[in-house]
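To start, the structure under review is shown below, and the notes come after it.
For ligands, and for the atoms within them, numbers begin at 1 and follow the listed sequence.
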Amino acid sequence: MIGPVANKEYVLKHLNVYDVKALKKYGQNFLVDDKLAKEIVDSISDGENKTLIEIGPGLGALTYHLLNKQGKKILVEIDKVMAEHLSRQINDENIDIVCQDFLKYNLENIQGEIVVLANLPYYVTTEIVEKLIKCPKVTQMTLMVQKEAYQRLVAPINTKEYSPLSIFIEYLGGAKVLKKVSRHSYIPEPHVDSLVFQINVNKRKQSNNEQDFYKITKAMFLMRRKTILNNLTSYVKDKDKAISLLKVLNCNENMRPEQLDLDFYLRLTDLIKRDN
Ligand code: SAM
């Protein structure tokens, strides 16, 4: 790549060259603030033993700065036009460009730690974050998302949006906002502002049942307006057993899933696993 990409001239020119419009169906809002692009990439950790994955590189706004980072890099882009454009711009054996839906991309085969960077397409933000937090190899994620999506991801206890995802993010050590981003920093302009946040997973608490913890917490929220007893009964398929589990945990049967904290879901998982 010969020069910075995150500016209006570059983005408009290249959309013109390929005779394409930014695709709404792929959530394409291209970043046009190069100072911000550099700041975001500067905040991510790198190293020879790490694999840096960028999801949805688009025309390469963040990728341009990512090239200076140490480690193997993988760019996963769903849009063929963008992926082919990047393949022509980048000639570096340390970089793989994969044209695929990230939700179908297999993270299992990657060796060592994974660091993720993305200006996420809004239509699939939750699904992508869910995939990342469930992958034990991912040690850091730096993500640009719409402000409302972030508020949902970190919703506190006793709110409508408190969810297994927000509980799991808390479990991983929480998220930190690095930067607020105005809607004017994109082409085309979205209707709402965005922000960049980071999750550093090095605070992963010790749980021997991490995958079950997420699965069980999710099951407890399946019918979020019902009581914890109802949800637990559906999961263990035995009302008496559900009552006795809640008793051990000293939990009122009539509580709703959104009234219970991280510690409760961790203890519930351990108890269910111990019983099996
Ligand atoms: N990174 C570029 C930037 O900052 O200007 C583009 C960001 S744009 C918000 C989202 C990008 O993700 C687009 O390039 C879009 O084609 C791509 N994308 C959308 N859905 C995707 C998916 N499921 N897997 C991989 N890439 C996807």
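Distances below 4.0 Å separate heavy atoms of Asn29 from the following atoms of ligand 1: 7 (C), 8 (S), 9 (C). Atoms of ligand 1 lying under 4.0 Å from any heavy atom of Asp79, numbered from 1 in the order shown and given with element: 16 (O). Atoms of ligand 1 lying under 4.0 Å from at least one heavy atom of Glu54, given by number and element, are 1 (N). Taking a cut-off of under 4.0 Å to the non-hydrogen atoms of Asp101, the atoms of ligand 1 that pass are 22 (C), 23 (N), 24 (N). With ligand atoms numbered from 1 in the order given, ligand 1 contributes 1 (N), 2 (C), 6 (C), 7 (C), 11 (C), 12 (O), 14 (O), 17 (C), 26 (N) to contacts under 4.0 Å with heavy atoms of Gly56. The ligand atoms of ligand 1 that sit less than 4.0 angstrom from a heavy atom of Asn119 are 3 (C), 4 (O), 7 (C), 8 (S), 9 (C), 10 (C). Listed by atom number, the atoms of ligand 1 under 4.0 Å from Leu31 heavy atoms are 3 (C), 4 (O), 5 (O). Interface of Gln100 with ligand 1, defined as ligand atoms under 4.0 Å from a residue heavy atom, comprises 24 (N), 25 (C).
Looking only at atom types and distance, the side chain of Tyr171 has a donor-acceptor partner in the side chain of Glu210 under 3.5 Å away.
Here the rule is side chain to side chain contact (heavy atoms under 4.5 Å, CB included) with Tyr186, and of Asp33, Val11, Asn119 only Asn119 fits it.
Protein heavy atom closest to atom 13 (C) of ligand 1, with residue, atom name and distance, is Gln28 CG, 3.6 Å. Among protein heavy atoms, the minimum distance from atom 19 (C) of ligand 1 is reached at Tyr26 O, 3.1 Å. Atom 24 (N) of ligand 1 has its closest protein heavy atom at Phe102 N, 2.9 Å. From the protein, the heavy atom lying nearest to atom 27 (C) of ligand 1 is Ile78 CG2, 3.5 Å. Residue, atom and distance of the protein heavy atom nearest to atom 9 (C) of ligand 1 are Gly27 O, 3.2 Å. Counting protein heavy atoms only, atom 17 (C) of ligand 1 is closest to Glu77 OE2, 3.3 Å.
Within 6.0 Å of the CZ atom in Arg88, the count of heavy atoms belonging to other residues, nucleotides or ligands exceeds 12. Atom CG of Asn91 has 12 or fewer heavy atoms from other residues, nucleotides or ligands within 6.0 Å.
Not counting sequence neighbours, the partners of Tyr265 by the ring pair (Phe, Tyr, Trp, His ring centres under 6.0 Å) test are Phe221.
Between Met82 and ligand 1, no N or O atom pair is found at a separation short of 3.5 Å. Remark: ligand 1 and Ala61 share no N or O pair separated by less than 3.5 Å (distance only, no angle test).
Residues Ile199 and Ala175 share a closest heavy-atom pair of CG1-CB, 3.8 Å.
Contact annotation: for Tyr123 versus ligand 1, heavy atoms closer than 4.0 Å belong to the side chain alone. Counting heavy atoms under 4.0 Å from ligand 1, residue Val76 touches it through the backbone alone. In Pro57, the part holding a heavy atom less than 4.0 Å from any atom of ligand 1 is the backbone. Here Met144 has no heavy atoms under 4.0 Å from ligand 1, in either its backbone or its side chain.
Comment: Lys72 engages Asp96 in a salt bridge, judged by a side-chain N to carboxylate O separation of less than 4.0 angstrom. Taking 4.0 Å as the cut-off between side-chain N and carboxylate O, Arg274 and Asp270 do not count as a salt-bridged pair. Salt-bridge formation is detected for the pair Arg267/Asp263: a Lys NZ or Arg NE/NH1/NH2 atom is positioned less than 4.0 Å from an Asp or Glu carboxylate oxygen.
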Working for salt bridge (Lys or Arg N to Asp or Glu O under 4.0 Å), residues Lys218 and Glu130: CA-CA 11 Å; Lys218 236 181 149 174; Glu130 184 168 350; 2.8 Å; yes

Asn158 and Glu258: CA distance, side-chain angles, deciding distance, side-chain hydrogen bond (donor to acceptor under 3.5 Å, both in side chains) verdict: CA-CA 5 Å; Asn158 286 319; Glu258 73 262 24; over 6 Å; no

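Between Tyr123 and Tyr26, the ring centre distance reaches or exceeds 6.0 Å.
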